[in-house]
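To keep things clear, I will list the structure first and then write my remarks on it.
Order of the sequence lines sets the chain letters (A, B, ...), proteins ahead of strands, with each chain counted from 1.
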There are 2 protein chains.
Amino acid sequence: MAKLERSVLAVDVVLFRVDDGELAVLLHRRAQEPFADAWSLPGVAVRSAETLESAARRALLEKGGLHEASIPQLHLEQLYTFDALYRDPRGRTVSVAHIGLVPLDDAARSAGAWRPVAAVERGSLPFDHGQILETGVNRLRGKLRYTNIAARLLPDTFRIDELQAVYEAVLGRDINRANFRNKLLRIGLIEQAGVKAEAVGRRGGRPPHLYRFTSEGVEAEERDFV
Amino acid sequence: MAKLERSVLAVDVVLFRVDDGELAVLLHRRAQEPFADAWSLPGVAVRSAETLESAARRALLEKGGLHEASIPQLHLEQLYTFDALYRDPRGRTVSVAHIGLVPLDDAARSAGAWRPVAAVERGSLPFDHGQILETGVNRLRGKLRYTNIAARLLPDTFRIDELQAVYEAVLGRDINRANFRNKLLRIGLIEQAGVKAEAVGRRGGRPPHLYRFTSEGVEAEERDFV
DNA sequence: GCAAAAGTGTTACCACTACACCCATGC
DNA sequence: GCATGGGTGTAGTGGTAACACTTTTGC
(Lines give C-alpha, C1' and ligand atoms only; values in the text may rest on other atoms or scores of the structure.)
Protein backbone atom coordinates (compact mmCIF):
# COMPACT_ATOMS: atom_id res chain seq x y z
CA MET A 1 0.00 0.00 0.00
CA ALA A 2 0.93 3.58 -0.44
CA LYS A 3 2.87 5.41 2.19
CA LEU A 4 1.09 8.19 3.99
CA GLU A 5 3.94 10.07 5.60
CA ARG A 6 3.80 13.13 3.42
CA SER A 7 0.77 14.74 1.82
CA VAL A 8 0.66 16.30 -1.61
CA LEU A 9 -1.92 18.80 -2.77
CA ALA A 10 -2.85 18.54 -6.45
CA VAL A 11 -5.40 19.81 -8.93
CA ASP A 12 -7.14 17.95 -11.74
CA VAL A 13 -9.20 19.65 -14.42
CA VAL A 14 -12.30 18.42 -16.24
CA LEU A 15 -12.28 20.67 -19.29
CA PHE A 16 -15.48 20.63 -21.32
CA ARG A 17 -16.52 21.91 -24.68
CA VAL A 18 -19.46 21.19 -26.95
CA ASP A 19 -18.42 19.83 -30.31
CA ASP A 20 -20.92 19.17 -33.05
CA GLY A 21 -23.75 18.56 -30.62
CA GLU A 22 -21.71 16.40 -28.29
CA LEU A 23 -20.24 17.17 -24.89
CA ALA A 24 -16.49 16.50 -25.02
CA VAL A 25 -13.74 16.37 -22.39
CA LEU A 26 -10.01 17.00 -22.68
CA LEU A 27 -7.80 14.03 -21.85
CA HIS A 28 -4.05 13.74 -21.46
CA ARG A 29 -1.81 10.83 -22.26
CA ARG A 30 0.33 10.08 -19.23
CA ALA A 31 4.04 9.93 -19.98
CA GLN A 32 5.24 8.43 -16.70
CA GLU A 33 4.39 5.79 -14.17
CA PRO A 34 2.05 5.12 -12.55
CA PHE A 35 -0.45 4.46 -15.35
CA ALA A 36 2.01 5.37 -18.10
CA ASP A 37 0.33 5.68 -21.51
CA ALA A 38 -3.12 5.79 -19.94
CA TRP A 39 -5.52 8.65 -20.77
CA SER A 40 -6.20 10.75 -17.70
CA LEU A 41 -7.48 14.17 -16.70
CA PRO A 42 -4.78 16.84 -16.84
CA GLY A 43 -3.44 17.63 -13.38
CA VAL A 44 -0.39 18.96 -11.53
CA ALA A 45 0.87 19.30 -7.98
CA VAL A 46 0.10 22.68 -6.45
CA ARG A 47 3.10 24.89 -5.72
CA SER A 48 3.18 26.73 -2.44
CA ALA A 49 3.13 30.18 -4.07
CA GLU A 50 0.29 29.67 -6.54
CA THR A 51 -3.45 29.51 -6.13
CA LEU A 52 -5.49 26.47 -7.03
CA GLU A 53 -6.82 28.25 -10.08
CA SER A 54 -3.32 29.11 -11.26
CA ALA A 55 -2.33 25.50 -10.80
CA ALA A 56 -5.35 24.38 -12.80
CA ARG A 57 -4.45 26.67 -15.69
CA ARG A 58 -0.87 25.41 -15.51
CA ALA A 59 -2.16 21.85 -15.73
CA LEU A 60 -3.96 22.76 -18.94
CA LEU A 61 -0.81 24.41 -20.28
CA GLU A 62 1.62 21.65 -19.36
CA LYS A 63 -0.61 18.61 -19.80
CA GLY A 64 -3.53 19.74 -21.91
CA GLY A 65 -1.96 20.47 -25.27
CA LEU A 66 -4.06 23.61 -25.66
CA HIS A 67 -2.95 26.77 -27.40
CA GLU A 68 -1.37 28.92 -24.73
CA ALA A 69 -3.32 32.03 -25.72
CA SER A 70 -6.70 30.51 -24.99
CA ILE A 71 -5.94 29.38 -21.47
CA PRO A 72 -6.22 32.71 -19.59
CA GLN A 73 -9.77 33.28 -20.87
CA LEU A 74 -11.17 29.91 -19.90
CA HIS A 75 -13.91 29.73 -17.31
CA LEU A 76 -12.65 27.72 -14.34
CA GLU A 77 -14.39 26.81 -11.11
CA GLN A 78 -13.87 24.42 -8.27
CA LEU A 79 -15.67 21.10 -8.49
CA TYR A 80 -14.88 19.02 -5.41
CA THR A 81 -11.89 17.96 -3.34
CA PHE A 82 -11.07 14.27 -3.62
CA ASP A 83 -9.27 12.84 -0.64
CA ALA A 84 -9.51 9.04 -0.49
CA LEU A 85 -6.41 7.86 1.37
CA TYR A 86 -5.12 5.55 -1.33
CA ARG A 87 -6.37 7.27 -4.45
CA ASP A 88 -2.76 7.68 -5.62
CA PRO A 89 -0.41 4.68 -5.28
CA ARG A 90 2.56 7.00 -4.78
CA GLY A 91 1.24 8.30 -1.47
CA ARG A 92 -1.33 10.58 0.08
CA THR A 93 -2.54 13.04 -2.51
CA VAL A 94 -5.52 15.31 -2.03
CA SER A 95 -6.78 16.69 -5.31
CA VAL A 96 -8.93 19.77 -5.74
CA ALA A 97 -10.78 19.01 -8.96
CA HIS A 98 -11.92 21.86 -11.21
CA ILE A 99 -14.33 22.28 -14.08
CA GLY A 100 -13.24 24.30 -17.10
CA LEU A 101 -15.29 25.45 -20.08
CA VAL A 102 -14.12 26.33 -23.60
CA PRO A 103 -16.34 28.46 -25.87
CA LEU A 104 -17.55 27.01 -29.14
CA ASP A 105 -15.55 29.40 -31.27
CA ASP A 106 -12.30 29.25 -29.34
CA ALA A 107 -9.27 28.14 -31.28
CA ALA A 108 -8.54 25.77 -28.41
CA ARG A 109 -11.21 23.53 -29.78
CA SER A 110 -8.86 22.30 -32.45
CA ALA A 111 -5.97 21.58 -30.06
CA GLY A 112 -5.59 18.82 -27.51
CA ALA A 113 -7.10 15.39 -27.20
CA TRP A 114 -10.84 15.86 -26.98
CA ARG A 115 -13.07 12.85 -26.43
CA PRO A 116 -16.89 12.69 -26.36
CA VAL A 117 -17.93 12.26 -22.75
CA ALA A 118 -20.39 9.56 -23.71
CA ALA A 119 -17.57 7.52 -25.23
CA VAL A 120 -15.23 7.68 -22.22
CA GLU A 121 -15.38 4.46 -20.24
CA ARG A 122 -15.23 5.70 -16.66
CA GLY A 123 -13.43 2.60 -15.44
CA SER A 124 -10.66 3.06 -17.97
CA LEU A 125 -9.43 6.27 -16.38
CA PRO A 126 -6.59 6.04 -13.85
CA PHE A 127 -6.76 7.03 -10.18
CA ASP A 128 -10.30 8.13 -9.31
CA HIS A 129 -10.58 10.16 -12.49
CA GLY A 130 -13.67 8.28 -13.59
CA GLN A 131 -15.42 9.47 -10.45
CA ILE A 132 -14.12 13.01 -10.96
CA LEU A 133 -15.41 13.08 -14.53
CA GLU A 134 -18.81 11.80 -13.43
CA THR A 135 -19.00 14.41 -10.69
CA GLY A 136 -18.04 17.09 -13.19
CA VAL A 137 -20.72 16.13 -15.69
CA ASN A 138 -23.36 16.10 -12.99
CA ARG A 139 -22.29 19.49 -11.69
CA LEU A 140 -22.33 21.01 -15.16
CA ARG A 141 -25.81 19.63 -15.76
CA GLY A 142 -27.03 21.04 -12.49
CA LYS A 143 -25.60 24.50 -13.03
CA LEU A 144 -27.00 24.72 -16.53
CA ARG A 145 -30.47 24.55 -14.97
CA TYR A 146 -30.25 27.53 -12.67
CA THR A 147 -27.31 29.68 -13.79
CA ASN A 148 -26.15 31.32 -16.99
CA ILE A 149 -23.06 29.12 -17.17
CA ALA A 150 -23.91 28.20 -20.76
CA ALA A 151 -22.51 31.61 -21.66
CA ARG A 152 -19.03 30.20 -21.09
CA LEU A 153 -19.58 27.49 -23.66
CA LEU A 154 -20.52 29.96 -26.39
CA PRO A 155 -19.05 33.04 -28.10
CA ASP A 156 -20.26 36.47 -27.00
CA THR A 157 -23.06 36.43 -29.56
CA PHE A 158 -24.64 33.30 -30.91
CA ARG A 159 -27.66 31.88 -32.64
CA ILE A 160 -30.44 30.34 -30.59
CA ASP A 161 -30.02 27.00 -32.29
CA GLU A 162 -26.39 26.96 -31.13
CA LEU A 163 -27.52 27.69 -27.59
CA GLN A 164 -30.09 24.93 -27.77
CA ALA A 165 -27.45 22.53 -29.07
CA VAL A 166 -25.32 23.29 -26.00
CA TYR A 167 -28.22 22.58 -23.65
CA GLU A 168 -29.12 19.38 -25.45
CA ALA A 169 -25.52 18.16 -25.51
CA VAL A 170 -25.02 18.75 -21.80
CA LEU A 171 -28.41 17.57 -20.60
CA GLY A 172 -28.46 14.66 -23.01
CA ARG A 173 -32.05 15.10 -24.14
CA ASP A 174 -34.07 16.96 -26.76
CA ILE A 175 -35.69 20.28 -25.95
CA ASN A 176 -38.73 21.82 -27.65
CA ARG A 177 -37.43 24.55 -29.91
CA ALA A 178 -40.27 27.04 -29.53
CA ASN A 179 -40.59 26.72 -25.76
CA PHE A 180 -36.84 26.91 -25.22
CA ARG A 181 -36.74 30.14 -27.14
CA ASN A 182 -39.82 31.67 -25.54
CA LYS A 183 -38.77 30.90 -22.00
CA LEU A 184 -35.20 32.13 -22.20
CA LEU A 185 -36.35 35.41 -23.72
CA ARG A 186 -39.24 35.82 -21.29
CA ILE A 187 -37.13 35.36 -18.18
CA GLY A 188 -34.49 37.67 -19.65
CA LEU A 189 -31.60 35.22 -19.68
CA ILE A 190 -30.73 36.22 -23.24
CA GLU A 191 -31.53 39.21 -25.45
CA GLN A 192 -31.26 40.05 -29.13
CA ALA A 193 -27.89 41.37 -30.22
CA GLY A 194 -29.65 43.24 -33.01
CA VAL A 195 -27.82 42.07 -36.06
CA LYS A 196 -28.68 39.16 -38.22
CA ALA A 197 -26.13 36.42 -38.56
CA GLU A 198 -24.46 36.00 -41.90
CA ALA A 199 -25.48 32.92 -43.73
CA VAL A 200 -22.10 31.24 -43.46
CA GLY A 201 -22.37 27.55 -44.08
CA ARG A 202 -26.14 27.59 -44.00
CA ARG A 203 -28.40 25.81 -46.44
CA GLY A 204 -31.17 28.36 -46.79
CA GLY A 205 -34.07 29.20 -44.55
CA ARG A 206 -34.82 32.44 -42.74
CA PRO A 207 -31.59 34.02 -41.44
CA PRO A 208 -31.35 33.88 -37.64
CA HIS A 209 -30.82 36.81 -35.32
CA LEU A 210 -27.88 36.92 -32.98
CA TYR A 211 -28.37 36.88 -29.22
CA ARG A 212 -26.25 37.48 -26.18
CA PHE A 213 -26.61 36.69 -22.50
CA THR A 214 -27.97 39.62 -20.51
CA SER A 215 -25.43 41.27 -18.29
CA GLU A 216 -27.38 40.74 -15.10
CA GLY A 217 -25.87 37.74 -13.39
CA VAL A 218 -28.42 34.99 -13.08
CA GLU A 219 -26.29 33.03 -10.64
CA ALA A 220 -28.80 33.15 -7.84
CA GLU A 221 -31.86 32.42 -9.89
CA GLU A 222 -34.43 30.40 -8.02
CA ARG A 223 -36.04 28.50 -10.85
CA ASP A 224 -35.08 26.03 -13.50
CA PHE A 225 -34.47 27.39 -16.97
CA VAL A 226 -35.16 24.22 -18.85
CA MET B 1 3.92 38.91 4.68
CA ALA B 2 3.55 35.22 5.26
CA LYS B 3 6.11 32.77 4.03
CA LEU B 4 5.01 30.40 1.34
CA GLU B 5 7.72 27.73 1.49
CA ARG B 6 5.60 24.99 2.96
CA SER B 7 1.90 24.31 2.43
CA VAL B 8 -0.49 23.11 5.08
CA LEU B 9 -3.81 21.41 4.40
CA ALA B 10 -6.54 22.18 6.93
CA VAL B 11 -10.27 21.79 7.46
CA ASP B 12 -12.75 24.24 8.93
CA VAL B 13 -16.30 23.35 9.86
CA VAL B 14 -19.46 25.44 9.72
CA LEU B 15 -21.72 23.52 12.08
CA PHE B 16 -25.37 24.52 11.96
CA ARG B 17 -28.40 23.83 14.05
CA VAL B 18 -31.82 25.45 14.34
CA ASP B 19 -32.54 26.79 17.78
CA ASP B 20 -35.87 28.28 18.69
CA GLY B 21 -36.61 29.36 15.14
CA GLU B 22 -33.14 30.74 14.51
CA LEU B 23 -30.26 29.34 12.48
CA ALA B 24 -27.21 29.06 14.73
CA VAL B 25 -23.53 28.29 14.12
CA LEU B 26 -20.91 26.78 16.42
CA LEU B 27 -17.95 29.03 17.19
CA HIS B 28 -14.70 28.35 19.00
CA ARG B 29 -12.65 30.68 21.11
CA ARG B 30 -9.07 30.63 19.87
CA ALA B 31 -6.53 29.90 22.57
CA GLN B 32 -3.37 30.80 20.68
CA GLU B 33 -1.97 33.35 18.28
CA PRO B 34 -2.75 34.43 15.70
CA PHE B 35 -6.08 35.95 16.65
CA ALA B 36 -5.92 34.68 20.24
CA ASP B 37 -9.26 35.07 22.08
CA ALA B 38 -11.14 35.67 18.84
CA TRP B 39 -14.20 33.60 17.97
CA SER B 40 -13.55 31.46 14.90
CA LEU B 41 -14.85 28.40 13.13
CA PRO B 42 -13.47 25.16 14.55
CA GLY B 43 -10.66 23.78 12.39
CA VAL B 44 -7.54 21.59 12.47
CA ALA B 45 -4.65 20.65 10.21
CA VAL B 46 -5.23 17.46 8.26
CA ARG B 47 -3.01 14.52 9.20
CA SER B 48 -1.57 12.46 6.38
CA ALA B 49 -3.37 9.27 7.42
CA GLU B 50 -6.89 10.68 7.91
CA THR B 51 -9.58 11.71 5.49
CA LEU B 52 -10.94 15.23 5.32
CA GLU B 53 -14.15 14.10 6.96
CA SER B 54 -12.25 12.50 9.83
CA ALA B 55 -10.31 15.69 10.28
CA ALA B 56 -13.54 17.69 10.31
CA ARG B 57 -15.00 15.49 13.04
CA ARG B 58 -11.77 15.79 14.98
CA ALA B 59 -12.02 19.57 14.71
CA LEU B 60 -15.47 19.40 16.29
CA LEU B 61 -14.14 17.14 19.02
CA GLU B 62 -11.02 19.14 19.85
CA LYS B 63 -12.27 22.66 19.18
CA GLY B 64 -16.03 22.47 19.22
CA GLY B 65 -16.85 21.66 22.83
CA LEU B 66 -19.53 19.19 21.73
CA HIS B 67 -20.41 16.02 23.55
CA GLU B 68 -18.20 13.34 22.08
CA ALA B 69 -21.06 10.89 21.58
CA SER B 70 -22.97 13.13 19.20
CA ILE B 71 -20.10 13.74 16.78
CA PRO B 72 -20.11 10.44 14.84
CA GLN B 73 -23.79 10.86 13.88
CA LEU B 74 -23.50 14.38 12.53
CA HIS B 75 -24.17 15.01 8.88
CA LEU B 76 -21.02 16.39 7.26
CA GLU B 77 -20.34 17.44 3.69
CA GLN B 78 -17.74 19.38 1.82
CA LEU B 79 -18.45 23.05 1.24
CA TYR B 80 -15.58 24.62 -0.69
CA THR B 81 -11.80 24.74 -0.64
CA PHE B 82 -10.39 28.13 0.33
CA ASP B 83 -6.93 28.85 -0.99
CA ALA B 84 -6.09 32.54 -0.96
CA LEU B 85 -2.31 32.77 -0.67
CA TYR B 86 -2.24 34.91 2.45
CA ARG B 87 -5.43 33.80 4.20
CA ASP B 88 -3.30 32.61 7.15
CA PRO B 89 -0.51 34.89 8.38
CA ARG B 90 1.55 31.89 9.47
CA GLY B 91 2.04 30.68 5.91
CA ARG B 92 0.32 29.00 3.01
CA THR B 93 -2.72 27.13 4.28
CA VAL B 94 -5.36 25.63 2.05
CA SER B 95 -8.55 24.86 3.95
CA VAL B 96 -11.26 22.45 2.85
CA ALA B 97 -14.33 23.91 4.52
CA HIS B 98 -17.20 21.63 5.53
CA ILE B 99 -20.82 22.05 6.52
CA GLY B 100 -22.17 20.08 9.47
CA LEU B 101 -25.75 19.71 10.71
CA VAL B 102 -27.01 18.89 14.19
CA PRO B 103 -30.57 17.58 14.69
CA LEU B 104 -32.99 19.56 16.81
CA ASP B 105 -33.20 16.95 19.54
CA ASP B 106 -29.51 16.12 19.77
CA ALA B 107 -27.91 16.60 23.14
CA ALA B 108 -25.13 18.43 21.33
CA ARG B 109 -27.45 21.39 21.10
CA SER B 110 -26.76 22.19 24.70
CA ALA B 111 -22.99 21.97 24.40
CA GLY B 112 -20.56 24.35 22.76
CA ALA B 113 -20.72 28.01 21.90
CA TRP B 114 -23.70 28.46 19.58
CA ARG B 115 -24.38 31.87 18.07
CA PRO B 116 -27.32 32.95 15.91
CA VAL B 117 -26.02 33.33 12.37
CA ALA B 118 -27.82 36.64 11.97
CA ALA B 119 -25.93 38.02 14.96
CA VAL B 120 -22.45 37.06 13.79
CA GLU B 121 -20.65 40.00 12.31
CA ARG B 122 -18.83 38.49 9.35
CA GLY B 123 -15.97 40.94 9.58
CA SER B 124 -15.30 40.03 13.18
CA LEU B 125 -14.24 36.49 12.33
CA PRO B 126 -10.51 35.81 11.87
CA PHE B 127 -8.84 34.59 8.66
CA ASP B 128 -11.44 34.32 5.88
CA HIS B 129 -13.94 32.69 8.21
CA GLY B 130 -16.53 35.36 7.50
CA GLN B 131 -16.47 34.38 3.85
CA ILE B 132 -16.59 30.69 4.75
CA LEU B 133 -19.63 31.23 6.95
CA GLU B 134 -21.38 33.21 4.22
CA THR B 135 -20.65 30.51 1.66
CA GLY B 136 -21.97 27.89 4.07
CA VAL B 137 -25.24 29.68 4.71
CA ASN B 138 -25.83 30.12 0.99
CA ARG B 139 -25.10 26.49 0.28
CA LEU B 140 -27.44 25.32 3.03
CA ARG B 141 -30.19 27.56 1.66
CA GLY B 142 -29.68 26.21 -1.81
CA LYS B 143 -29.71 22.56 -0.81
CA LEU B 144 -32.84 22.99 1.28
CA ARG B 145 -34.67 23.85 -1.93
CA TYR B 146 -33.95 20.76 -3.93
CA THR B 147 -32.81 18.04 -1.49
CA ASN B 148 -34.11 16.43 1.68
CA ILE B 149 -31.21 17.83 3.70
CA ALA B 150 -33.65 19.23 6.26
CA ALA B 151 -33.91 15.66 7.56
CA ARG B 152 -30.46 16.13 9.12
CA LEU B 153 -31.67 19.11 11.12
CA LEU B 154 -34.57 17.19 12.69
CA PRO B 155 -35.16 14.04 14.74
CA ASP B 156 -36.39 10.91 12.92
CA THR B 157 -40.01 11.87 13.50
CA PHE B 158 -41.20 15.41 13.92
CA ARG B 159 -44.20 17.67 13.72
CA ILE B 160 -44.86 19.66 10.57
CA ASP B 161 -44.61 22.93 12.41
CA GLU B 162 -41.11 21.97 13.50
CA LEU B 163 -40.19 21.23 9.91
CA GLN B 164 -41.62 24.52 8.80
CA ALA B 165 -39.65 26.32 11.50
CA VAL B 166 -36.46 24.78 10.12
CA TYR B 167 -37.26 25.96 6.61
CA GLU B 168 -38.17 29.43 7.79
CA ALA B 169 -35.06 29.73 9.95
CA VAL B 170 -32.73 28.72 7.13
CA LEU B 171 -34.43 30.59 4.32
CA GLY B 172 -35.07 33.63 6.46
CA ARG B 173 -38.66 34.18 5.36
CA ASP B 174 -42.18 33.11 6.26
CA ILE B 175 -43.87 30.24 4.47
CA ASN B 176 -47.60 29.67 4.07
CA ARG B 177 -48.54 26.90 6.47
CA ALA B 178 -51.23 25.20 4.39
CA ASN B 179 -49.31 25.23 1.12
CA PHE B 180 -46.09 24.06 2.77
CA ARG B 181 -47.90 21.10 4.21
CA ASN B 182 -49.84 20.22 1.07
CA LYS B 183 -46.83 20.37 -1.21
CA LEU B 184 -44.43 18.33 0.89
CA LEU B 185 -47.01 15.60 1.30
CA ARG B 186 -48.06 15.69 -2.36
CA ILE B 187 -44.53 15.31 -3.72
CA GLY B 188 -43.86 12.57 -1.18
CA LEU B 189 -40.97 14.23 0.63
CA ILE B 190 -42.50 13.39 3.99
CA GLU B 191 -45.12 10.90 5.18
CA GLN B 192 -47.19 10.36 8.32
CA ALA B 193 -45.45 8.36 11.02
CA GLY B 194 -48.86 7.20 12.22
CA VAL B 195 -48.83 8.20 15.84
CA LYS B 196 -49.99 11.42 17.31
CA ALA B 197 -47.51 13.49 19.21
CA GLU B 198 -47.95 13.80 22.94
CA ALA B 199 -49.03 17.17 24.07
CA VAL B 200 -45.81 17.92 25.93
CA GLY B 201 -45.39 21.60 26.50
CA ARG B 202 -48.30 22.48 24.26
CA ARG B 203 -51.01 24.97 25.11
CA GLY B 204 -54.05 23.31 23.61
CA GLY B 205 -55.26 22.97 20.06
CA ARG B 206 -55.66 19.86 17.95
CA PRO B 207 -52.78 17.44 18.60
CA PRO B 208 -50.43 17.13 15.63
CA HIS B 209 -49.48 13.94 13.83
CA LEU B 210 -45.85 12.89 13.58
CA TYR B 211 -44.13 12.72 10.20
CA ARG B 212 -40.92 11.33 8.83
CA PHE B 213 -38.94 11.84 5.65
CA THR B 214 -39.67 9.17 3.06
CA SER B 215 -36.83 6.76 2.55
CA GLU B 216 -36.44 7.47 -1.15
CA GLY B 217 -33.51 9.81 -1.51
CA VAL B 218 -34.62 13.06 -2.99
CA GLU B 219 -31.08 14.22 -3.65
CA ALA B 220 -31.49 14.49 -7.38
CA GLU B 221 -34.87 16.14 -7.37
CA GLU B 222 -35.30 18.57 -10.21
CA ARG B 223 -37.72 21.03 -8.68
CA ASP B 224 -37.88 23.41 -5.81
CA PHE B 225 -39.67 22.27 -2.70
CA VAL B 226 -40.53 25.67 -1.35
C1' DG C 1 -68.46 27.55 24.67
C1' DC C 2 -64.17 29.54 23.31
C1' DA C 3 -59.39 29.68 22.01
C1' DA C 4 -55.79 27.45 19.69
C1' DA C 5 -53.46 24.81 16.55
C1' DA C 6 -53.83 20.93 13.05
C1' DG C 7 -55.62 19.63 8.88
C1' DT C 8 -58.54 20.23 4.28
C1' DG C 9 -60.56 22.36 0.35
C1' DT C 10 -61.37 26.13 -3.17
C1' DT C 11 -60.33 29.57 -6.47
C1' DA C 12 -57.63 32.56 -9.39
C1' DC C 13 -53.55 32.81 -11.60
C1' DC C 14 -49.40 31.65 -13.96
C1' DA C 15 -46.00 28.77 -16.10
C1' DC C 16 -45.16 24.93 -18.91
C1' DT C 17 -46.17 21.65 -22.89
C1' DA C 18 -47.37 20.59 -27.33
C1' DC C 19 -48.39 22.08 -31.52
C1' DA C 20 -49.84 24.83 -35.38
C1' DC C 21 -48.80 28.47 -38.11
C1' DC C 22 -46.41 32.53 -40.19
C1' DC C 23 -41.95 34.79 -41.95
C1' DA C 24 -37.72 35.35 -44.61
C1' DT C 25 -34.40 33.57 -47.24
C1' DG C 26 -31.80 30.24 -51.02
C1' DC C 27 -32.41 27.88 -55.09
C1' DG D 1 -42.81 27.87 -56.12
C1' DC D 2 -40.81 25.04 -52.77
C1' DA D 3 -37.75 23.66 -49.19
C1' DT D 4 -35.60 25.14 -45.03
C1' DG D 5 -35.08 26.86 -40.82
C1' DG D 6 -36.26 31.13 -37.77
C1' DG D 7 -39.89 33.26 -35.17
C1' DT D 8 -44.82 33.76 -33.01
C1' DG D 9 -49.16 32.56 -31.02
C1' DT D 10 -52.65 29.52 -28.66
C1' DA D 11 -55.21 26.01 -26.05
C1' DG D 12 -54.91 22.58 -22.54
C1' DT D 13 -52.86 21.18 -18.35
C1' DG D 14 -51.03 21.28 -13.94
C1' DG D 15 -48.71 23.47 -10.07
C1' DT D 16 -48.70 27.59 -6.94
C1' DA D 17 -50.42 31.28 -3.76
C1' DA D 18 -53.82 33.09 -0.98
C1' DC D 19 -57.29 32.22 1.94
C1' DA D 20 -61.42 30.32 3.96
C1' DC D 21 -63.13 26.62 6.38
C1' DT D 22 -63.39 22.33 9.31
C1' DT D 23 -61.55 19.31 13.03
C1' DT D 24 -59.81 18.18 17.54
C1' DT D 25 -57.99 19.17 21.55
C1' DG D 26 -57.41 22.14 26.54
C1' DC D 27 -59.61 24.96 29.72
Euclidean distance, atom [atom1] of residue [X] to atom [atom2] of [N] [Å, nearest integer]:
X        : N      : atom1 : atom2 : value
B:Arg186 : D:dA17 : CZ    : P     : 10 Å
A:Leu163 : D:dG7  : CG    : C1'   : 15 Å
B:Gln164 : C:dA6  : CD    : C1'   : 12 Å
A:Phe180 : D:dG7  : CZ    : P     : 13 Å
B:Ile175 : C:dA6  : CD1   : C1'   : 17 Å
B:Leu184 : D:dT16 : CG    : P     : 10 Å
B:Asp174 : D:dA18 : CG    : P     : 11 Å
A:Leu185 : C:dC16 : CG    : P     : 13 Å

Original post:
Who passes salt bridge (Lys or Arg N to Asp or Glu O under 4.0 Å) against B:Arg122, sequence neighbours left out?
Top reply: B:Glu134

Subject >> Set of salt bridge (Lys or Arg N to Asp or Glu O under 4.0 Å) partners for A:Arg141, sequence neighbours left out >> reply: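 Applying salt bridge (Lys or Arg N to Asp or Glu O under 4.0 Å) to A:Arg141 gives none.
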
Subject >> side-chain contact (heavy atoms from CB on, under 4.5 Å) involving A:Asp156 - partner list, sequence neighbours excluded >> reply: none

**OP:** Report the residues that fulfil side-chain contact (heavy atoms from CB on, under 4.5 Å) with B:Ala193, sequence neighbours left out, ordered by chain and then residue number.
**Re:**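 Partners of B:Ala193 under the side-chain contact (heavy atoms from CB on, under 4.5 Å) test: B:Thr157, B:Leu210, B:Arg212.
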
Original post:
Using the ring of each side chain (for Trp, its six-membered ring), is B:Tyr167 parallel, tilted or perpendicular to B:Phe180, with breaks at 30° and 60°?
Top reply: perpendicular

Original post:
How does protein reach along nucleotides 19-25 of chain C, written 5' to 3' as B (base within reach of a heavy atom under 4.0 Å), S (only sugar-phosphate), or - (no contact)?
Top reply: B---BBB

Original post:
With a non-hydrogen cut-off below 4.0 angstrom, is A:Arg181 in contact with a base, only sugar-phosphate, or nothing?
Top reply: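 Base, at least one base heavy atom under 4.0 Å.
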
**OP:** Could you pull out all residues at least two apart from B:Tyr211 that satisfy ring-ring contact (aromatic ring centres under 6.0 Å, His included)?
**Re:**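 ring-ring contact (aromatic ring centres under 6.0 Å, His included) check on B:Tyr211 returns nothing, list empty.
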
Can you see if the side chain of [X] gets near the phosphate of [N] - specifically, an N or O under 4.0 Å from OP1 or OP2?
X        : N      : result
B:His209 : C:dG7  : yes
A:Lys183 : C:dC16 : yes
B:Tyr211 : C:dG7  : yes

Original post:
Going through the checks in order, is the salt bridge (charged side-chain N to carboxylate O under 4.0 Å, His left out) test met by A:Arg87 and A:Asp12?
Top reply: CA-CA 13 Å; A:Arg87 54 182 296 281; A:Asp12 290 299; 3.7 Å; yes

